[in-house]
Each structure stands twice: as structure tokens, then as C-alpha cells.
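Numbered from 1 within each chain, the chains take letters A, B, ... in sequence-line order. Quick caveat: nothing in here was measured; it's all calculated off a predicted structure.
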Number of protein chains: 2
Amino acid sequence: MATIKDIAEKVGVTVTSVSRVLNNRGYISEMLKKKVHEAMEELNYQPNEVARSLIRKKSNIIGLIIPDVSHPFFGEVTYYIEYYADKNGYKLLLCNSKLNKLKEKEYINMLKGSQVDGIIMGSHTMDTKDYTSIKLPMVTLDRQITDTIPYISSDNYKGGELATNLLIKKGCKKIAHISGNLHLNLLAKLRHDAFKKVILNKGIEHIVLQTDLNGFNYDEYEQLVSAMFQEHPDIDGVFASSDIIAAQVLKECYRIGKSVPQDVKIVGYDGIQLGQLITPGITTIKQPTKDIGKMAVSLIIEQIEGEDVPKENILPVKLIERQST
Amino acid sequence: MATIKDIAEKVGVTVTSVSRVLNNRGYISEMLKKKVHEAMEELNYQPNEVARSLIRKKSNIIGLIIPDVSHPFFGEVTYYIEYYADKNGYKLLLCNSKLNKLKEKEYINMLKGSQVDGIIMGSHTMDTKDYTSIKLPMVTLDRQITDTIPYISSDNYKGGELATNLLIKKGCKKIAHISGNLHLNLLAKLRHDAFKKVILNKGIEHIVLQTDLNGFNYDEYEQLVSAMFQEHPDIDGVFASSDIIAAQVLKECYRIGKSVPQDVKIVGYDGIQLGQLITPGITTIKQPTKDIGKMAVSLIIEQIEGEDVPKENILPVKLIERQST
DNA sequence: TTGAAAGCGCTAACAG
DNA sequence: CTGTTAGCGCTTTCAA
């Protein structure tokens, strides 16, 4: 690979001058500019960003830690984060924590070592102090760690209300809520809280199930859902905390001969693109993945640039009614 | 952030010695080792990988260019690539090209500038010479660019045969194949070739449709599939080039009142995890995403280490029969 | 067993 | 408008 020195020699000036045209800083003659650009073309020169990072103390890299990119919700969010990062001249280092505490720690150290300019955290298994000691621009997705670390979430409480109210409105008498892990302090817990409030308020029979901690496991979902219908065959409404789980519920209904929405009504969560493809369409609460990604990037960049950013960033959700209700 | 100098001063030695214990190279007294490690603990020291990369001329970063992480197939592959990269001490820089030629070029330059040690290319919209001029360890997914650049693909021809034969065996009389873009020189084209060969061989009526170039667009799929059934209402078998498209076909069948598999039989491709959730289950040709990811990483690393690697790497596919056939 | 010195590729005062 | 010099944080000969 050609270096700045090569092109300096070729043009017959010092590296300083070349650096100047590279960065378009200070006075440079048109003549020099032209020659340098030509030489760059010829030698196929590409500035070494590693060297630049070292001296500028800025890598232009954002680290992203999520449980699993292959989960459709995180896949979509990641897509948009990468999109907006690139648009703003940043690169994305991707880390899949699998909701594993140790891996999460290691990734954070790795990212610090790699001199990333900021971290977007979509996985939160560690203790509060582990996050506060990071000392790097940070933004979390769906978790409020302290009031100093900005977070982005969609309006989980509202989502929980919308889903629960819809099921009630449609006449469900016994409703199950299948939530994610309730102990991780995720804001997604608010969906559960809203569910409880609404349902208690209306005095409707209900149960709450929780999926386990070990990431996203389709088999686990399957067992959970199957056991649920076995123990509570009279369930006629399910509010699932993800579209994946909702699809699992739908599948189980088919398997045991319950028709949807006649016997059982189902509401999912996330509004993943793939949800459109399932028949009957699963009613869902759509999270604005694009806006989440965009905001995550802008909040990180603003912090990198030393600006103050709002700590609470709650984006609206939207109820999408399809055939499962 | 503490630097090597800080810890050298704290311990009362030179940076050279500290560097030695960091890298466990050369003679170092146990005493020094211990002291240095203590100081590292105390100052929460993390070696600056940017500085290391600069001097070692090795970043330990792999670049990954794919069309779109939020597409489930690529999401899964990306997940495994990151997994194995991390396992081998490498980091992953993620790039979504959206199958856009210009973006792909820019990403490649960006990755070169970032001094990545190698590139895994899962997006191929450029011309052959653009790839050969990259001069960096590289491996492509599903495209044979030249006989010098190693590629990984699953056995597309076999997959096409399996799918087509199954549909025929199940009694289909008019079979449609919905392929991806046939002009991108992807090896996925072999699915189409196999389809043609088998179907002509048996003299069965058929049509071939092609999805467009602009990445993955659910609306486009919808229109395509809808138009297909309108023009050819007598189609009773569909071999789709992805599970997503197959799901779209299934959905359209529901919409227009065709039952699956009685009226129309469907075979998808990829074997994405999400496919399990759809009812009726869509028969599919499963690509070994985990093995693909693992092999991509190992082929890149072997090249980085100067080893020769096999150029053609074809992994087996597997027919998974579900209810759509 | 440890240190001095050079240098990776680039930027940035400060001179001229 | 251009060059000299120092230095980012680290590794690595070569000496001691």
C-alpha cells in the first residue's frame, strides 16, 4: 500500500504538503493540489485511517453490542444504525453478546481497546456500575441504567396498553402475556406493567409467562407456548412480547386445532418486516426501528462532539391490526 | 485513558519492559510481571489497539460487505461470522451495500483505508477487475469472480435439483421458478440451471420469473407473485429462491383462495430459522449458514496468515420437507 | 533481565 | 504557500 511518503516523493514535496491537500487545510497552491491528486490516483493511494486515528485520537468507529443480529428486530435496528453511521462518516463494529454477561464485558473492553468513539448498547446484562465506569459516549437501547446515560426506547407502556385493550375490546376473557426476561431491568418490562394495570382494572382473568434469559431460543418458545395451552386451554387471548413469539403461538394454535382469531386472538410486538408475510397476519405493536437506529447514531455523535443530549428518548409505537385479532 | 507510559512510570521502568510483559515476549522477571499487572489493574489499562495496529501492520479487523443484515439469511450468516471472528481474535466491521454498485466501491475503499486484514464479500455488483484489484485477503459468498479468489457457496445446483424433483414427484404439472437476479453472476443461478435441466428433461410446463436488482423489497415480491398467479392461474408448483419469497407465495395463495399444498405446492430456499414458525411449514432447501460463516472466517484468516486455501468451497444443502409440499 | 532509540503513517504547531 | 520538527501509543532491534 502506498503511503503519504510515496506520494510526497513522487510529487517532490514533503509529506506536510500532501497532508495539507488531503485534509484541505491551510494554504495550498492549485498546482500542488492537482499534482497530489494525480499522484494519489496513480498510486491508488488511500490514507491510512489507523495512523489518522492514532494522532487524532478519534477512530470514527462506533461499537454496537446487541444480543443477536439474526433476531429480526435487532437485524432491522442494526441495518439502520449502520446506514446512519455510514451516512455520517462512521463505521460500525458489530458485537453479538448473546445476552451473556461475560461476553458483554469482554466486548466492552475490546471496544475500548479499539478506541471506538462511542458505544450503542442493546444488550444489558451487567450491573449499573459496570456501565457507569465505561467513560465513553454511550447510548442504550431499551434500558435506563442511570440518569446520566441516555437511552432510547419506544413507548413500551403505551404499546402494552394498546395490545391489552385491543384484546379486551375484541372480547377476550382470559388473556396471557408472554414477556421477555423481567429481571434484566429492560424498559420492555413496561409492556408487562401496562398489561397488568389494564387487565386488573377491568378485572379480567390472566396469566403471565416469562421467557428465559438465554437469548432467543425457538425451541424454548415452543415448549413454553405448548405448556401454556396445556395448562390453560381456556386462554382466548395472547399478548406476546415479540412477533417471533406471537408466530409461535399462532403455530401452536394450528397444531392443537384452535382457530385464530375465532378461538384465540393474538397480538405480537416489534412489527418486524417479516410479520407481513405470515398468514393470517399477526396484529402487532410496531416499534420504529428506523427512527431508533437514526436516533441512536445521532445521540452518539452528538456526545462525541461534546454536546449535551436528552437522557430520555421515547419514540412512539403504532398498533397494526391484522387478522390475528 | 491510561497509556503504556503511565503504567511504566507507575512501576518505575521503561515502556519497553511494560511492552514485554504485555506481549509476553523476551525475558522478564516474575517480579516485574507482577508489578506491571497490578499497575494495569489499578489504572484500568487497556492497550491501544490502534497504536498496535499501526506498528504491527495488522488490525485484526475483518470487513464484511453484504446486501442487508436485516435479510434473515444474511442476518444468520453475519451472526456466525461475527461469532467465529471473535473466537479467533478478530473484529467485524459491518457494511450493508444494498446491492448498490457505488456503495460497494466506497465500502471497499473504506475498508482498505481502515486497514482491515481481509474482506468477506457477500455482495457482488462490481466488475471482475474491481475485485481483482483489491489486493487484500478476500473470500466471496456465492460468487465465483476469478479462479484466484476463493469462494464459498452451498451446493446450489443440488438444491435446485432437489427442489424441482420434489415438486415433480409430488405431481406438479406447471411449475414456476422465482429466481433472484440472474445477471449478477451469482452461483445462485445454478438453482435456476438445475431447475431448467430437470424440468426440460421431464418435459414439464414451466415459467421462470426474476426478482429485481434493488435489494430485497417485500412490495416488489408481492406484486411479482400476484402478477404471476394472475397470468398463470394454473400454476401448481412454485420453487422460490428464498424462504421470504416462498412465504410471499404462500400468502398470495391464501389471498386468492388456493390451498397449499392441495392446489399449489411450494418449495423455498435458505432454510432460515424463521421458516419454522410459518404455518403451514414451508418446505425448503437449507443452506448451512453456520458452516458458511465458520468457513468464511477460517478462509480469511488462513489467507491473512499467508497460507494457500482451496478456491472452491461448496457446502452441502439439505432438503427439509414440511407441509407446503 | 532491562533500557535507549528508532519508527509505523499521519497531523499540526511553528517557522520561513 | 511550503518545510521542519515533534509526537500520537506502541513494538522492536540492538546494546548494556
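For A:S29 and D:dC1, the shortest distance from a side-chain N or O to OP1 or OP2 is not below 4.0 Å. The phosphate of C:dT11 has OP1 or OP2 within less than 4.0 Å of a side-chain N or O from A:R56. For B:N23, a side-chain nitrogen or oxygen approaches OP1 or OP2 of D:dT11 to under 4.0 Å. OP1 or OP2 of C:dC10 has at least one side-chain nitrogen or oxygen of A:Y45 nearer than 4.0 Å. At least one side-chain nitrogen or oxygen of A:K57 sits closer than 4.0 Å to the OP1 or OP2 atom of D:dG9. In this structure, B:T14 does not reach the C:dT2 phosphate: none of its side-chain N or O atoms is under 4.0 Å from OP1 or OP2. Taking only side-chain nitrogens and oxygens, A:S17 comes nearer than 4.0 Å to OP1 or OP2 of D:dG3. Note on B:R25: a side-chain N or O is less than 4.0 Å away from OP1 or OP2 of D:dT12.
If you take CD1 of B:I4 and P of D:dT12, they are 11 Å apart, rounded to a whole angstrom. Atom-to-atom, CD of B:Q46 to C1' of D:dC10 comes out at 14 Å; the value is rounded to the nearest Å. Look at CD on B:E9: it is 12 Å from P on D:dG9, rounded to the nearest Å. The nearest whole Å value for the distance from the CG atom in A:N24 to the C1' atom in C:dT11 is 15 Å. Summarising the geometry, the separation between CG on B:D6 and P on D:dG9 is reported as 9 Å, rounded to the nearest angstrom. We find that CD1 of B:I55 is positioned 10 Å from P of C:dG9, with the value rounded to whole Å. Rounding to whole angstrom units, CD of residue B:E30 and C1' of C:dT1 are separated by 12 Å. Atom NZ in B:K58 sits roughly 14 Å away from atom P in D:dT11 (whole-Å rounding).
Heavy atoms only, all atoms of each residue included: B:G293 and B:I81 are closest at CA-CG1, 3.7 Å. Among all heavy-atom pairs drawn from A:L92 and B:L93, the shortest one is O-CD1, 3.2 Å.
Taking five base pairs at each end of the helix from C:dT1-D:dA16 to C:dG16-D:dC1, the local helix axes there meet at an angle of 40°, rounded to 10°.
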Between the protein and nucleotides 13-16 of chain D, list the N/O to N/O atom pairs that are separated by less than 3.5 angstrom.
none

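Summarising the geometry, atom OG1 belonging to B:T289 is positioned 7.0 Å from atom CZ belonging to B:F73; distances are rounded to the nearest 0.5 Å.
The only member of B:I120, B:V139, B:N88, B:V116 that meets side chain to side chain contact (heavy atoms under 4.5 Å, CB included) when paired with B:I62 is B:I120. For the side chain to side chain contact (heavy atoms under 4.5 Å, CB included) criterion with A:D130, the lone passing option out of A:D127, A:I134, A:T132, A:T128 is A:D127. Each of B:I149, B:D142, B:I66, B:I108 was compared with B:M121 under the side chain to side chain contact (heavy atoms under 4.5 Å, CB included) criterion, and only B:I108 meets it.
Within 4.0 Å (heavy atoms only), B:T3 reaches sugar-phosphate atoms of the nucleic acid but no base atom. B:I28 comes within contact range of the sugar-phosphate backbone alone, with a heavy-atom separation under 4.0 Å but no base atom that close. The residue B:V50 sits apart from the nucleic acid: no heavy atom pair falls under 4.0 Å.
In the model, A:S154 has a side-chain atom that pairs as donor or acceptor with a side-chain atom of A:Q287 under 3.5 Å. Side chain to side chain, B:E104 and B:T125 meet the donor-acceptor criterion of an N or O pair below 3.5 Å.
Taking a 6.0 Å sphere around NZ of B:K311, one finds it holds more than 12 heavy atoms contributed by other residues, nucleotides or ligands.
By the 4.5 Å heavy-atom criterion applied to side chains, B:N181 and B:L186 are not counted as neighbours. Two residues are said to be in side-chain contact when any heavy atoms from C-beta on lie closer than 4.5 Å; A:V18 and A:V11 fail this criterion.
Comparing B:A51 and B:L32, the nucleotide of DNA chain C nearest to each residue sits closer to the 5' end for B:L32. Take the nearest nucleotide of DNA chain D for A:V15 and for B:E49: the residue whose nucleotide is more 5' is A:V15.
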